[in-house]
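Positions are given from 1, in the same order as the sequence printed here. Just so you know, ligand 1 is whichever comes first in the structure, and atom 1 is the first atom listed for that ligand.
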Amino acid sequence: MKTGFKIVICGGGSTYTPGIVKNLLDEKELRIRELWLYDIDGERQDKVARIVKEVVRTFAPELSVFVSTDAKEALTGANFIMAQMRVGKLEMRVKDEQIALRHGCIGQETCGVGGMAYGLRTIAPMIELIDLCAKYADSKHWIVNYSNPAAIVAKATTLLRPEARILNICDMPVEIEARMAEILNVKLEDLEVDYFGLNHYGWFTKVRALGEDVTEKLKEHVAQYGYISKASYEDALVKDPDWLHTFKNSSVIMKMFPDYLPNTYWQYYLLGDDIVEYSDINNTRGMQVIGGREKRVMEAARRLEMGESIDLQQFFVGVHGKFIVEVVKALAYDTRSRQLVIVPNNGAIENLPDDAMVEIPAYLTSRGPEPVRVGKIPRFYKGLIEQQDACEGLIVEGAIEQSYQKILEAFTMNRTVPSANVAKKILDEMIEANKGYWPELK
Ligand code: G6P
Ligand code: MN
């Protein structure tokens, strides 16, 4: 019998793949038999695969890497499928951003109208992937999904495929925790947090470092400096000017709403005017990623093809790969690691609907997540979450029913859109821009 796991990275052509593979290889306890990259864009994936093969050659030369555009071949017998698809690629991210900004709204990958547009592109391909995994993968497979927009994807997959072996996750909280660790001068592993909300829409209610409650200490720091410390300035993520602005913005939110430590994504919902003012329609975040991270990856692939050497280190930034691998390891070996994941509420937050997809701590077992109980939350937070949950629910229902009306309701309801007039104008433009990607709305 073959031992070890077959791991498939779905969306193998992503710029994140080399970094994630490095994290997989670092985890010596995780016995990998075969590593597969799977993507529907073979040309792009082949380029990224060159870097991946270089990473494997350097850090685990004994491991076999396979690259495929064929779902059956890639998924057959797979134990873990790491899903990171970006439907419409970065080009569509830029369109989402620019259409929103043209109408004075925040133009963002996962929040506001951009996030809803991206959701409408991603629901059907994610369901297709789940079905392919059910058909070809090992019967005990797990899909670890971090395809965005995770909130809408989680809501749709749970509603449409409730039995699917999928766990939806996002690395933002853990990226924030890494900054918290820097601020406190402790190791990330030494932190334990309490947290509640929706994806890209939540708060840390308590932070413990080696058992000591450090919440108030952190709040004071964040109110003054945001999620930035002296040590953070050495951090590759924080060196990115946009992320620096984002981590600093948490200070404004912390001062106004001192109950809990905010997720950085609150800037889009609470400081929309600042964000629109800060944004440049001719240099959106998507454009920056195309001209930055993506260009670096493609350039490195080209150099490898020419037989030149490259610096692999540049692909190993942030803690997101480490977190994803930690989740895979927990599902594989029943480690009961405590992580923030996106799960059906089912009473965990007492005064929210059962079918809200909430981001809360859970102990990860080989049978899936065992979420903790959060209890009742105050009215301000409850109101914000209910509005956003209704909005995301309308996107999912609208996609299933192909209902223009429901999507218009969702756009109108979103906090980042000032009026139904603006919602309708943006929606009509987005329908045109997303031809071939969105379900046809009637
Ligand atoms: C964080 C979020 C992801 C998001 C990413 C965007 O990691 O959790 O959901 O995709 O940031 O980063 P970028 O550098 O592409 O703007
Ligand atoms: Mn995320």
Is it the side chain, the backbone, both or neither of [X] that has a heavy atom closer than 4.0 Å to ligand 1?
| X | result |
| --- | --- |
| W243 | side chain |
| R293 | side chain |
| M172 | both |
| E109 | side chain |
| R93 | side chain |

Charged N to carboxylate O under 4.0 angstrom, R179 versus E182?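 Looking at E182 together with R179, the answer is yes, because their closest N to O distance falls below 4.0 Å.
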Could you check whether R293 pairs with D240 (Lys NZ or Arg NE/NH1/NH2 to Asp/Glu carboxylate O, under 4.0 Å)?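 So R293 does not pair with D240 through a salt bridge.
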Is the backbone of [Y] close enough, under 3.5 Å, to the side chain of [X] for a donor and an acceptor to pair up by distance?
| X | Y | value |
| --- | --- | --- |
| Y201 | L384 | yes |
| N79 | K6 | yes |
| Q84 | G11 | yes |

If you count the atoms of ligand 1 from 1 in the order shown, which ones are under 4.0 Å from a heavy atom of [X]?
| X | answer |
| --- | --- |
| C170 | 8 (O) |
| D171 | 1 (C), 2 (C), 3 (C), 7 (O), 8 (O) |
| V289 | 15 (O) |
| Y16 | 12 (O), 15 (O) |

Identify the closest protein heavy atom to atom 2 (C) of ligand 1: which residue and atom is it, and at what distance?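 Checked against all protein heavy atoms, atom 2 (C) of ligand 1 sits closest to Y265 OH, 3.3 Å.
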Do other residues, nucleotides or ligands put more than 12 heavy atoms under 6.0 Å from N185 CG?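 It does not: N185 CG has 12 such atoms or fewer within range.
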Sort out for me which residue in F5, W142, Y333 forms a ring pair (Phe, Tyr, Trp, His ring centres under 6.0 Å) with F80.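 The residue from F5, W142, Y333 that satisfies ring pair (Phe, Tyr, Trp, His ring centres under 6.0 Å) with F80 turns out to be F5.
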Would you mind finding which of Q84, R285, E175 brings a heavy atom closest to atom 13 (P) of ligand 1?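 Minimum heavy-atom distance to atom 13 (P) of ligand 1 goes to R285.
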Test salt bridge (Lys or Arg N to Asp or Glu O under 4.0 Å) applied to D41 and K47, R86, K89, the passing residue: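 The passing option is K89.
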Short N/O distance, under 3.5 Å, between N148 and ligand 1?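 Yes, since at least one N or O of N148 sits under 3.5 Å from an N or O of ligand 1.
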H200 versus ligand 1: do any nitrogen or oxygen atoms come within less than 3.5 Å of each other?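 Min N/O separation from ligand 1 is below 3.5 Å for H200.
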Residue pair Y269 / Y265: nearest heavy atoms and the distance that separates them: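 The pair with the smallest heavy-atom distance is CD1-O, 3.6 Å.
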